[in-house]
Structure formats: structure tokens, C-alpha cells
Protein chains: 2
Amino acid sequence: MKQSLKALLTLREWILSGTLTADERLWEPALAKRLEVSRTPLREALVRLEGEGLIIAAPEGGYQVRAFDRAYLQGAIEVRGTLEGLAARRAAEARPSAAALKPLHVTLDALDRVVAQHALDSDDFDAYMTFNERFHDAILRLAGSQPLEEALARIVSLPFASPSAFVMAQSLLPRSHEILFIAQDQHRCLVEAIAAGQGARAEQIAREHAQIARRNLDVALGDHAMLERVSGAPLIRACLGAV
Amino acid sequence: MKQSLKALLTLREWILSGTLTADERLWEPALAKRLEVSRTPLREALVRLEGEGLIIAAPEGGYQVRAFDRAYLQGAIEVRGTLEGLAARRAAEARPSAAALKPLHVTLDALDRVVAQHALDSDDFDAYMTFNERFHDAILRLAGSQPLEEALARIVSLPFASPSAFVMAQSLLPRSHEILFIAQDQHRCLVEAIAAGQGARAEQIAREHAQIARRNLDVALGDHAMLERVSGAPLIRACLGAV
DNA sequence: CGGACCGGGCGTGTATACACAATTAGCGCG
DNA sequence: CGCGCTAATTGTGTATACACGCCCGGTCCG
């Protein structure tokens, strides 16, 4: 594996896991040593991470880990919802054939099987996450817009903005199963709208669907145990009174 | 000035102006020599340009200038329109005070003065472009969403996706003045909707406003003289029979 | 005469060395 | 004893040298 890729992946993991804390200054010589990489590929990784928005360039040079506040997370989820709304509308307006809709139905059924169980354990929520992401991806592909794909990829690269960012956190809630039912119903309506060519409806459903994440975020920001299950949670500033 | 910044700016200009042609392979040693920069800052600039989407990494290593087709441009404009729609809605829903709306009105008046003239020369279209961008920026700031700002900045970094990308091209059309009237009326309605807290209306207007760019794009793709006035036009693939 | 193997040049990826700026600590002077 | 200045250390930014892989061309052998 290329050293620059190793540096990029490791740094991303360290940032999201909290090994590198929010606002922490990133000293290249020290980091290079810890990563067992020379400064050249490390700097390449840093430039990429800046592009992803996980770190920011300090005015006096160098980088530091970025910290996000509640408003940023809400805004990011809103942007994702809006772009997924656009994707859903475009998918609907493309009037996809039954064959093109096949992967959507397959994933929908898989999600159904997960949700239909009586009790859900951690693995089930994990499976839900996987299929959920596949579902969102399938719609995006139906939209057939490369710029849209790129814009969404950018937003989702912020871990807490991804469609299934709060699924694991949500699993701690007493009514978690109920939430999945609701989300899955939205999935079903979304497919129905897309299949029927109802662009405006599909867009609205996709937007409202993203609001589930925002509601989960609001709950998680007040619940330490939930927040621990969210990737990138250590980057969230002032979310709880104490850590 | 830092060498990496010099490399970034110069490369961007070379790509947009067609000095480096679409699909052209970027050889680091040769480029470094032309830029009078060593390979280290050059590579940093290349990574940044890849993040901007102006170049792509070749699978066998190295980069090449990216080429865009008509569908991509349309999609990019659509994404911009959608995000600007979100910005407009958020601006409206924030119920900005009269003071907060001031810069919007000021810019609107400046645009009015440009459009109200009897005949417009190239400088007038230039002035229009400046105020137009300021106007779009002002709405974005009213929205008060950092993730949204970042997402829009990304899209707009593609030159032909920016709000005023086709203004200069449009100036060649016989009905160009008329188009500005229409665009300016949309600006006015947009401010009115935002001031009145009409979020849904503001969103729709902003979206439809972006369609002007898409319509100009369609015309420009069939008109060599118009296309010459669009920044980044050399990156557009198969737009005309011959160049 | 053709195919395969070997060598050289070229290009990317990485490491390291150097230049310059900033900050800090220590020392000297007031 | 305190303040200021200088010197050293540290970190970023840049240049260059090295390593490895790839492709191409030439040559030698079958």
C-alpha cells in the first residue's frame, strides 16, 4: 500500500475515533513518526483531509483537527437531505424501467426482513445500516447525475452526516424498533413514488427522511451513551456538560 | 507567495484557459519546469486540484485534465440551483431583520442601475457579474449554514457552474438585455419572498433562477462565439462539431 | 525472420536535507 | 529584579536525491 494512503486512512481513523482530539494541533514531525511515514506522504494526506473537511489549515501554517458544533451537524444533515431529495426527484423523473428498479426492490426487501424481526440485536442494526446505505446508493445511481454523486459523497464524508450515522446510536432508544418501522415505511413510499414518476413527492419524502437523522442527533447530543456509538462523535464540541 | 499557491493558481488558469487541454496528461517534471517550481509544491497543487474536480487521478498514477460533457454541466447547475434554493429557504425562514436585509437591497439596487441602462456594453455585463455574485453570496450568508456554504463553494469552484458563468456569453445574444430583466425580476421576487418569510417560494424562485444558466448553457453549446466567453469552456467535450 | 529477454530511460512515490520564520528561553544589561 | 534582546530550537515550506516500476527498444537466440 502507498504510504500516503496509509497515512490518510490511519489519520482519518485517529480523528474519528478521538485518538486525535478536536482542535488538536497536528505537528508533522511527530505525526510522521507515529505513522511510520515520512513527511512527504503525510503532507499529501493532510491536504486531502483538509479537502474532506476533517482538519483545517491554521492561519500561521500547519493544520489542526476540526471541531463541529450542533448547528454544523444539523446543517450538514439538511444539505444531505436536500441533495438526496434532488436525487429522488431525478430518479423519479427518469422513469426507470422495472429492471432498473430491481436493485431498489431487492434492498427494500432485505431491509424489510431485518425490520420484521421481533427483537433486534446489535448485528441486526448493523445489517440495517449496510442495507440502508445500499438503498440510498441505489437511488443516487438511478438519478444518473455525476455532479450530484460527487456533491453527496463530499457531504457524507463527514461521518455524522451519513444516512446511517445515527442508526447504532438509535439502537439504544426504547422506541428504536418503532423508528426503524417509520424509516422503512418512508423507504417504501420513496420507491413507490419513484416507480410512479412522482418526482415532487419523492423529493419531499427523501427530505423528510433525513429529518430522522436530525431528530436522532438532537437526542444523541444529550445522551452520552448514544453519542459514543456515533462515528466522529469526539469532534463534536460542547455537546455534553462533561465528557 | 508560497510556491504551492503559485502552482495552484497558475495551473487553474492554464486549465480554464485551455493552455492545458482536456484529457491532457500532466507530467510532473515537465510541469514543474514550466511553472518554475519544484515537484513538491506542484504535487500539493495537484492534490488540491483533484479535490476541486478540475483534474483526475489516472489509475496508473499521475493526473490528467478533466473533461466535462453536457450532462455534467447541466447536473452541476442543477445541484447549484438546489443548494441555492435551500439557502434562499433558510434565509427566509430565519426571518432576517431589516438591517440584515440591507446588503441584499443594496446589491439589488446596484443590479437595477446596471440593468436599467438603455444599452449595455461589455463593462456593464462585467459589473452585472460582480453584483450578481455578491447578491448570491449575500443570500448564502443570510442562510447562516456553514455546511451549505462549503457545499456551494465546491460546486461553484467548477467555473461553468457559477451563477454568472454564462453572463458574458449571454451578452452576445440579441435578447440579452431582456434576459437580464427577467433575471433581475427573479432577484427582486427572491428578496421579497425572503423578507416576507416565504421559504417555499424563495426556494422555488432560486431554483428556477438557476435554470437561466442551464438555458444559456444549451444555447452556448451550439455557438462557438458564446462558448469562447465562458470560463473553462475548453474543458467541455464534444460541444461543437469542430473547434 | 520472428519472438523473447534484457537494459536503459522515464515517471511516480518517498525520503531526506536545507532554508527561513516564529517562538521561547536564557542571559545580560539597565 | 525586571525588561528586552539575542540565540537556539522547532516547525513549516521547498528542493533534491533516491527507489521502484513500467514501457520501449534493441539485440540475441531459436
Side-chain angles (χ1 to χ4, degrees), chain A residues 1-15 18-67 150 153 157 234-235, chain B residues 1-15 18-67 150 153 157 234-235:
Chain A
M1 169 159 42
K2 289 198 304 183
Q3 297 294 86
S4 54
L5 186 60
K6 170 184 170 186
L8 179 65
L9 297 177
T10 311
L11 277 178
R12 220 190 256 139
E13 192 203 315
W14 284 357
I15 292 172
T19 306
L20 298 169
T21 62
D23 290 320
E24 178 174 351
R25 178 66 190 273
L26 299 174
W27 308 88
E28 292 175 12
L31 259 191
K33 202 170 181 184
R34 273 178 81 183
L35 287 163
E36 296 176 296
V37 151
S38 85
R39 278 183 59 217
T40 307
L42 167 59
R43 290 189 60 135
E44 183 180 329
L46 289 174
V47 170
R48 296 204 131 92
L49 285 171
E50 187 197 3
E52 289 181 19
L54 285 181
I55 64 177
I56 49 178
E60 67 274 17
Y63 294 95
Q64 57 186 50
V65 177
R66 191 163 172 187
E150 290 168 16
S157 78
L235 302 180
Chain B
M1 170 160 43
K2 288 198 303 183
Q3 297 294 86
S4 55
L5 186 59
K6 169 185 170 185
L8 179 65
L9 297 177
T10 312
L11 278 178
R12 219 190 256 140
E13 192 203 315
W14 284 357
I15 292 172
T19 306
L20 297 169
T21 62
D23 289 319
E24 178 173 350
R25 178 65 191 273
L26 298 175
W27 289 347
E28 293 176 11
L31 258 192
K33 203 170 179 185
R34 272 178 81 184
L35 287 163
E36 298 176 293
V37 152
S38 87
R39 278 184 59 218
T40 307
L42 167 59
R43 289 188 60 129
E44 183 181 330
L46 289 174
V47 171
R48 297 204 130 93
L49 285 171
E50 187 196 5
E52 289 181 19
L54 285 181
I55 65 178
I56 49 178
E60 67 274 16
Y63 295 95
Q64 56 185 49
V65 177
R66 191 162 173 189
E150 290 167 15
S157 78
L235 302 180

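All values below come from the heavy atoms of this structure, side chains included, with hydrogens, waters and symmetry mates left out. So you know, we letter chains A, B, ... as the sequences are listed, proteins then strands, and number each from 1.
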* Asked: Under 4.0 Å between a side-chain N/O of A:Thr40 and OP1 or OP2 of C:dT14, yes or no?
  -> no
Could you tell me the separation between the [atom1] atom of [X] and the [atom2] atom of [N], rounded to a whole number of Å?
X       : N      : atom1 : atom2 : answer
A:Arg43 : D:dT12 : CZ    : P     : 8 Å
A:Glu44 : D:dT14 : CD    : C1'   : 16 Å
A:Glu60 : D:dT10 : CD    : C1'   : 14 Å
A:Leu35 : C:dT14 : CG    : P     : 13 Å
B:Glu28 : D:dT16 : CD    : P     : 15 Å
B:Met1  : D:dT14 : CE    : P     : 11 Å
A:Leu46 : D:dG11 : CG    : P     : 14 Å
A:Arg39 : D:dG13 : CZ    : C1'   : 7 Å

Presence of salt bridge, A:Arg48 and A:Glu52, under 4.0 angstrom: no
- request: Give a yes or no answer on whether the side chain of B:Arg66 reaches the backbone of B:Ala22 with a donor-acceptor pair at less than 3.5 Å.
  value: no
*Taking B:Glu44 for its side chain and B:Pro41 for its backbone only, find out whether a donor-acceptor pair lies under 3.5 Å.*
no
Counting only side-chain heavy atoms from C-beta out, which of [options] sits nearest to [X]?
X       : options                : value
A:Trp27 : C:dA15, D:dG11, C:dG11 : D:dG11
A:Pro29 : C:dG11, D:dT12, D:dA15 : D:dT12
A:Lys2  : C:dT14, C:dG11, D:dA15 : C:dT14

Which part of the nucleic acid does B:Leu5 contact within heavy-atom distance under 4.0 Å: base, sugar-phosphate only, or nothing? nothing
Here the pair of heavy atoms bringing A:Glu28 nearest to A:Leu46 is CG-CD1, 4.1 Å
### Message
Any donor-acceptor pair, under 3.5 Å, between the side chain of B:Ser4 and the base of D:dT14, if you only look at N and O atoms?
### Response
no
Does the cation-pi check pass for B:Arg34 over B:Trp14, that is, NZ or CZ under 6.0 Å from the six-membered ring centre and within 45° of its axis? yes
